[in-house]
Amino acid sequence: MATLKGTSRAPLSRKRVALYVVGLFLFILIALFIYNFSFIKGQLDVGTAYGARVACSCHYVGGRDMDDCSKDFEPGMEVISLSLDDERKRVTASAMLIESATAEFREGWGCVMLTDAQLQAD
């Protein structure tokens with residue numbers, strides 16, 4: 001009787017299996033981020049605009065310290081960072097180098113959001 005003599009593969013080691021699983025997980029994570037990037041960018045746009053406007057009003061209208069103003073943020077806005085420009089009376093909120101928004105205090109108007117064209121004109 002003839003027997004089939006083929007090449008036998010050595011079983012994969014645990015390290016190699018773990019590397020494959022981690023690689024697959026990272027690939028799926030990156031793919032999901034790319035697929036949802038426009039949604040994520042839109043949410044960051046809204047969040048930074050909200051953060052800049054609320055912090056500007058809190059600081060310049062309410063007269064509170066910036067550290068105290070960050071308490072007014074909604075849950076989940078921990079990724080938004082604030083920077084203050086007292087000379088121009090502006091607050092800029094930014095998120096992960098992807099999105100930023102700037103609000104400026106104007107006497108009689110309160111805090112208004114600045115467009116990109118207004119920021120470039122300065």
Side-chain angles (χ1 to χ4, degrees):
M1 193 188 274
T3 58
L4 180 62
K5 291 189 177 185
T7 59
S8 63
R9 287 177 66 177
L12 294 175
S13 69
R14 287 183 187 250
K15 284 184 180 181
R16 191 172 211 144
V17 170
L19 282 174
Y20 283 136
V21 170
V22 169
L24 180 64
F25 177 75
L26 288 175
F27 175 76
I28 291 171
L29 192 65
I30 291 168
L32 284 173
F33 180 77
I34 291 170
Y35 178 75
N36 290 317
F37 183 73
S38 63
F39 174 76
I40 293 168
K41 189 166 179 353
Q43 291 295 318
L44 290 176
D45 184 34
V46 171
T48 54
Y50 174 82
R53 174 71 166 76
V54 167
C56 179
S57 295
C58 172
H59 184 70
Y60 292 110
V61 177
R64 293 166 46 198
D65 187 48
M66 286 299 287
D67 293 330
D68 191 41
C69 293
S70 62
K71 296 176 186 174
D72 293 343
F73 282 3
E74 296 293 324
M77 292 187 62
E78 292 82 16
V79 297
I80 308 291
S81 62
L82 299 173
S83 61
L84 182 66
D85 182 1
D86 271 330
E87 183 180 315
R88 294 180 176 173
K89 293 188 176 182
R90 291 181 179 175
V91 175
T92 301
S94 59
M96 300 184 287
L97 301 173
I98 296 175
E99 197 63 49
S100 68
T102 302
E104 180 180 72
F105 176 74
R106 294 182 182 168
E107 196 65 44
W109 291 89
C111 289
V112 295
M113 297 302 300
L114 298 179
T115 64
D116 291 336
Q118 289 171 321
L119 289 170
Q120 290 176 355
D122 284 340

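What you see is a predicted model; the values in this text were computed from it and never measured. Positions are given from 1, in the same order as the sequence printed here.
Leu119 and Tyr50 are assigned to two separate hydrophobic clusters, defined by single-linkage of ILVMFWY side chains at heavy-atom distances under 4.5 Å. Connection of Ile40 to Met77 is established within a shared hydrophobic cluster, with ILVMFWY side chains joined at heavy-atom distances below 4.5 Å, either directly or through further cluster members. When the side chains of ILVMFWY residues are joined at heavy-atom separations under 4.5 Å, either directly or via intervening members, Leu24 and Leu32 end up in a single hydrophobic cluster. Val61 and Met66 fall within a single hydrophobic cluster, where Ile, Leu, Val, Met, Phe, Trp and Tyr side chains are chained together by heavy-atom contacts under 4.5 Å. When the side chains of ILVMFWY residues are joined at heavy-atom separations under 4.5 Å, either directly or via intervening members, Phe33 and Met96 end up in a single hydrophobic cluster.
Heavy atoms only, all atoms of each residue included: Ala93 and Ala52 are closest at CB-N, 3.7 Å. Residues Ser57 and Cys111 approach most closely at N-SG, 3.3 Å, considering heavy atoms. Closest of all the heavy-atom pairs between Arg64 and Asp72 is NH1-OD2, 3.1 Å.
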Discussion item. One pair to check against side chain to side chain contact (heavy atoms under 4.5 Å, CB included): Ser100 and Thr48. What are the steps and the verdict?
Written reply: CA-CA 6 Å; Ser100 68; Thr48 54; 5.5 Å; no
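At least one donor-acceptor pair under 3.5 Å links the side chain of Ser70 to the backbone N or O of Asp67. Not a single donor-acceptor pair under 3.5 Å links the side chain of Arg53 to the backbone N or O of Ala103. Side-chain N or O atoms of His59 include none that pairs as donor or acceptor with a backbone N or O of Asp65 at under 3.5 Å. When atom types are taken as modelled, the side chain of Gln118 and the backbone of Asp116 share no donor-acceptor pair closer than 3.5 angstrom.
Distance check: Leu114 CG to Glu104 CD gives 5.0 Å after rounding to the nearest 0.5 Å. For the atom pair CD (Glu74) and CD1 (Ile80), the distance works out to 12.0 Å, reported to the nearest 0.5 Å.
The aromatic rings of Tyr60 and Phe105 lie parallel to each other, with less than 30° between the two planes, well short of the 60° mark.
By the 4.5 Å heavy-atom criterion applied to side chains, Val91 and Leu82 are counted as neighbours.
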